[in-house]
Amino acid sequence: ELAELARRARDEVERRASRFRGGRPAQSPAGRTAVLVDDGIATGATARAACRVARAQGAARVVLAVPVCSARTAAVLRGEVDELVCLEIPRRFLGVGQFYADFRQTSDEEVVDLLDRAAARVGAPATRDEESGNSVHEPLPDRGERLCDGGREPLPRPGHSCEPAG
């Protein structure tokens, strides 16, 4: 029974990853900097797992970027990453949702649309696969840039907490 649940969860992750990639092949982080971004971190379980996957896939550096994180979790995560970029580590942290006026789940359709628009901004041609309806993009070049604020400014900048681990 547990094995069946795990298989279904893996199938769902693969289905969503394929849809979000829009026909593009998975990009290997091997020898590159992996920048992992989340909307905020409470316990850090998912963020730790993602960092460990990036490391296992050969990432040269792992950078975790979030707008908000609990202080206890930030201390633990610093041991998992090469760099933690966190805009706010509040003393009183009840949950990520307390820092958002609107913390509704983002639909898969919204994610696909945002990824399509982002790819269009950086010049990756997008087409639609006739059969699946997914976007199809050419792989993007690795420019080795670290950007924040919607890609408008390089890190660090005043007001941002850019904390190397260690």
Side-chain angles (χ1 to χ4, degrees), residues 1-70 73-74 76-87 95-97 99-100 102-148 150-151 155 165:
E1 191 174 304
L2 185 59
E4 175 61 21
L5 286 173
R7 185 197 60 76
R8 278 190 275 172
R10 274 193 306 277
D11 289 350
E12 177 63 11
V13 167
E14 288 174 18
R15 182 195 68 78
R16 292 180 82 200
S18 176
R19 182 166 185 210
F20 295 157
R21 265 191 228 113
R24 292 174 287 170
Q27 299 293 306
S28 171
R32 302 167 79 182
T33 298
V35 179
L36 307 173
V37 180
D38 200 342
D39 56 9
I41 300 175
T43 67
T46 304
R48 275 194 306 279
C51 292
R52 290 174 182 172
V53 167
R55 287 256 190 248
Q57 292 180 345
R61 285 179 38 82
V62 176
V63 177
L64 180 60
V66 297
V68 64
C69 183
S70 75
T73 301
V76 170
L77 288 173
R78 284 187 184 102
E80 297 279 341
V81 299
D82 296 298
E83 189 172 350
L84 174 63
V85 180
C86 186
L87 303 182
V96 173
F99 298 92
Y100 286 85
D102 180 358
F103 196 56
R104 287 179 287 175
Q105 182 77 23
T106 304
S107 72
D108 285 1
E109 291 76 23
E110 289 174 285
V111 172
V112 169
D113 179 59
L114 290 167
L115 292 171
D116 284 351
R117 291 190 313 181
R121 278 200 316 267
V122 295
T127 59
R128 286 274 169 201
D129 177 68
E130 297 289 326
E131 192 173 313
S132 69
N134 288 339
S135 299
V136 179
H137 300 278
E138 293 298 317
L140 299 176
D142 178 14
R143 296 187 182 131
E145 298 170 312
R146 296 184 329 140
L147 300 174
C148 68
L155 285 174

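Reckoned from all heavy atoms, side chains included, excluding hydrogens, waters and symmetry mates. Count residues from 1 along the sequence.
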Exercise. Around R104, counting heavy atoms of other residues, nucleotides and ligands shown, do more than 12 lie under 6.0 Å from its CZ?
Worked result: no
Exercise. Would a distance-only check, ignoring hydrogens and angles, find a side-chain to backbone donor-acceptor pair under 3.5 Å from T73 to A42?
Worked result: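 Yes.
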Exercise. Checking D82 side chain against V63 main chain: does a donor-acceptor pair fall under 3.5 Å?
Worked result: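 Not at all, since once roles are kept as given, no pair shorter than 3.5 Å links the two residues.
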For this session: Taking only Lys NZ, Arg NE, NH1 and NH2, and the carboxylate oxygens of Asp or Glu, determine whether E4 and R8 approach each other closer than 4.0 Å.
Result: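 A salt bridge is present here (some side-chain N lies under 4.0 Å from a carboxylate O).
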Exercise. Looking at D11 and R15, does any basic side-chain N land under 4.0 Å from a carboxylate oxygen?
Worked result: no
To the nearest 0.5 angstrom, please state how far the [atom1] atom of [X] sits from the [atom2] atom of [Y].
X	Y	atom1	atom2	value
Q27	Q57	CD	CD	11.5 Å
T106	L114	OG1	CG	7.5 Å
L77	C69	CG	SG	5.5 Å
R21	R16	CZ	CZ	13.0 Å

For this session: List the steps and the verdict of side-chain contact (heavy atoms from CB on, under 4.5 Å) for E83 and T33.
Result: CA-CA 10 Å; E83 189 172 350; T33 298; over 6 Å; no
Minimal non-hydrogen separation, [X] against [Y], with atom names:
X	Y	answer
V112	F20	CG2-CD2, 3.9 Å
A54	A34	CB-CB, 4.0 Å
V68	D39	CG1-O, 4.3 Å
P67	G40	CD-N, 4.0 Å

For this session: Could you give me the CA-CA distance, side-chain angles and deciding distance for L36 and D38, then say whether side-chain contact (heavy atoms from CB on, under 4.5 Å) is met?
Result: CA-CA 7 Å; L36 307 173; D38 200 342; over 6 Å; no
Problem set entry | Stepwise side-chain contact (heavy atoms from CB on, under 4.5 Å) test for V62 and E80 | CA-CA 8 Å; V62 176; E80 297 279 341; over 6 Å; no
